[in-house]
Amino acid sequence: MPELPEVETVRRGLEPHLVGGRITRARTTRPDYVRHDATPRALLQGAEIASVTRLGKQLAIHASDGRVVCLHLGMSGQVLVQPRAQRVKLPTHAHVVWTVGGDAADGVRVVLRDPRRFGGVWTLTDEAALERHWAPLGPDALTCRAKVLTEALSGSRASIKARLLDQGVVAGIGNIYADEALFRARVHPLRPAGALGGAEYTALAGAIRSVLRAAIRRGGSTLRDFVHPDGSAGGFRARHAVYGRAGESCRRCGNPLVSGTIAQRTTVWCSTCQGVT
DNA sequence: CGGTACGCCTGAAGGC
DNA sequence: TGCCTTCAGGCGTACC
């Protein structure tokens with residue numbers, strides 16, 4: 001469930017605690033959750049943290065010596081910043097725990113928990129390895145332009161909904177924001193992706209950027225699993241126009257929203273505002 | 001190419 | 001109260 005706005009919210013919550021600090025201890029209790037090398041050193045034990053970046057739904061923690069740890073939260077992944085006190089109990093399903101010291105030593109540990117384990121951690125030896133790891137991803141959805149959509153989708157007969165979920169087209173869109181963006185752009189989710197008009201690609205690119213920006217402003221959407229690093233919930237769910245609102249009335253025209261399965265995902269749309277297939 | 005199905009995995013929610 | 005079923009879904013993979 002964490003999509004781009006949720007992952008960006010995590011990134012922003014993590015940054016002040018990590019950047020400029022040093023990882024004094026890094027441990028995994030579940031080595032199979034960590035790809036390539038699950039040793040403390042690969043998990044940045046002893047490293048100074050230079051930055052925390054994001055592409056689409058993935059996070060990267062960059063050490064000043066060039067090593068990188070990439071996090072993908074899958075659907076139930078949470079990154080929690082907790083006080084380092086002994087008496088604060090680790091949550092269940094805490095797969096990786098980083099203890100932070102150094103200049104940013106405000107006594108925290110960073111915990112990655114992921115009950116469903118659809119996510120994962122990749123330990124990478126340098127920036128080039130991160131580039132290869134991220135090579136299959138399209139440009140970040142926050143900067144999505146009409147040109148990108150036009151080029152990636154021209155000739156495609158798959159539904160626009162299915163193509164928006166493909167991280168190779170544009171990175172960061174999941175089921176929630178695909179539906180929200182299509183509603184904003186007034187495009188039916190079943191429209192063949194390559195058959196949109198120029199104005200529609202422009203509208204869709206704009207809708208993607210605006211809905212993601214609005215969601216980030218609200219701290220993302222909390223349905224069940226997602227929380228901010230401090231444990232608080234995101235506030236964008238109340239602003240959803242379609243996702244989770246099947247049968248309720250369209251905020252634009254008042255007609256009941258309809259739902260169906262498209263690209264193996266529950267999809268909600270307004271058959272009035274989003275026209276015909 | 002694209003649609004479809006499945007497996008991975010747990011917990012919340014609803015039905016009885 | 002408690003058990004059972006269903007659903008949620010990112011992503012890889014197999015298959016038609």
Side-chain angles (χ1 to χ4, degrees), chain A residues 1-10 28-36 54-60 70-80 90-96 111-122 132-138 140-141 151-182 188-196 208 212 215 220-227 231 233-234 236-237 240 242-247 259-268 277:
Chain A
M1 190 216 18
E3 304 179 29
L4 187 152
E6 291 75 35
V7 177
E8 176 61 18
T9 300
V10 168
T28 179
T29 52
R30 194 174 259 284
D32 61 342
Y33 191 80
V34 180
R35 251 50 68 91
H36 301 330
R54 180 192 58 73
L55 177 59
K57 303 174 189 174
Q58 302 193 36
L59 281 176
C70 178
L71 313 182
H72 188 256
L73 301 179
M75 79 160 286
S76 61
Q78 303 175 330
V79 179
L80 303 167
L90 271 183
T92 56
H93 308 294
H95 307 317
V96 187
V111 178
L112 174 55
R113 81 176 285 259
D114 181 5
R116 263 158 269 193
R117 303 207 299 277
F118 281 15
V121 169
W122 285 261
R132 285 194 298 275
H133 185 63
W134 280 354
L137 299 178
D140 192 77
E151 284 172 7
L153 304 180
S154 70
S156 171
R157 295 200 290 198
S159 70
I160 185 65
K161 163 95 181 211
R163 303 305 289 130
L164 287 182
L165 293 174
D166 184 341
Q167 302 302 296
V169 171
V170 141
I173 301 173
N175 201 34
I176 296 173
Y177 297 104
D179 282 8
E180 293 298 319
L182 287 167
H188 194 289
L190 276 177
R191 288 279 300 286
L196 271 60
I208 289 167
L212 295 176
S221 302
T222 293
L223 302 182
R224 29 168 84 86
D225 299 303
F226 172 70
V227 291
F236 193 65
R237 187 183 186 173
H240 290 176
V242 286
Y243 184 87
R245 299 192 65 240
S259 72
T261 300
I262 300 174
Q264 282 73 248
R265 295 289 177 273
T266 299
T267 304
V268 187
T277 58

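Values in this document were obtained by computation on a predicted structure and should not be read as measured data. Every chain is numbered from 1, with letters handed out A, B, ... down the list of sequences.
Scored by the ring pair (Phe, Tyr, Trp, His ring centres under 6.0 Å) test, A:Phe236 finds A:His240 as partners (sequence neighbours excluded). Scored by the side chain to side chain donor-acceptor pair (under 3.5 Å) test, A:Thr92 finds A:Arg113 as partners (sequence neighbours excluded). Among residues two or more places apart in sequence or in another chain, the side-chain contact (heavy atoms from CB on, under 4.5 Å) test is passed with A:Ser259 by A:Ala246, A:Val268. Residues satisfying the side-chain contact (heavy atoms from CB on, under 4.5 Å) test with A:Pro189, not counting sequence neighbours, are A:Lys161, A:Leu182, A:Ile262, A:Thr267, A:Trp269, A:Gln274. Legend: residues meeting salt bridge (charged side-chain N to carboxylate O under 4.0 Å, His left out) with A:Arg30, ordered by chain and number and at least two apart, are A:Asp32. Residues passing the ring pair (Phe, Tyr, Trp, His ring centres under 6.0 Å) test with A:Phe118: none are found, sequence neighbours excluded. Remark: A:Arg54 engages A:Leu4, A:Val7, A:Glu8, A:Arg11, A:Leu59, A:Asp140, A:Leu142 in a side-chain contact (heavy atoms from CB on, under 4.5 Å) (not counting sequence neighbours).
Residue A:Ser156 has a polar side-chain atom (N or O) positioned under 4.0 Å from OP1 or OP2 of B:dG2. OP1 or OP2 of C:dA8 lies within a sub-4.0 Å distance of a side-chain N or O belonging to A:Thr266. Distances shown here put every side-chain N or O of A:Arg116 at or beyond 4.0 Å from the OP1 or OP2 atom of C:dG10. For B:dC9, the OP1/OP2 oxygens have no side-chain nitrogen or oxygen of A:His93 closer than 4.0 Å. For A:Arg157, no side-chain nitrogen or oxygen approaches OP1 or OP2 of B:dC1 to under 4.0 Å.
For the pair A:Leu4 CG and C:dG10 P, the interatomic distance rounds to 13 Å; values are reported in whole Å. In this structure, A:Asn175 places its CG atom 15 Å from P of C:dC7, rounding to the nearest Å. For the pair A:Glu3 CD and C:dA8 P, the interatomic distance rounds to 14 Å; values are reported in whole Å. With rounding to whole Å, A:Gln78 atom CD is found 14 Å from B:dA12 atom C1'. Here C:dG10 presents its C1' atom at 11 Å from OH of A:Tyr33, a figure rounded to the nearest Å. Distance, A:Asp179 CG to C:dA8 P: 12 Å, rounded to whole Å. One interatomic measurement links the two molecules: CG of A:Asp166 to P of B:dC1, which rounds to 11 Å at whole-angstrom precision. Following rounding to the nearest Å, A:Asp114 (CG) and C:dA8 (C1') show an atom-to-atom distance of 14 Å.
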Sub-3.5 Å pairs of nitrogen or oxygen atoms, protein against nucleotides 11-16 of chain C:
from   : atom 1 : to      : atom 2 : distance (Å)
C:dC11 : OP1    : A:His72 : NE2    : 2.5

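Aromatic ring pairs are classed by plane angle as parallel below 30°, tilted from 30° to 60° and perpendicular above 60°; the pair A:Trp122 and A:His133 is tilted.
Taking five base pairs at each end of the helix from B:dG2-C:dC16 to B:dC16-C:dG2 and finding the rotation axis that steps the C1' atoms of four pairs onto the next four gives two axes whose angle is 50°, to the nearest 10°.
Across every non-hydrogen atom of A:Gly74 and A:Pro2, the tightest pair is O-CD, 3.3 Å.
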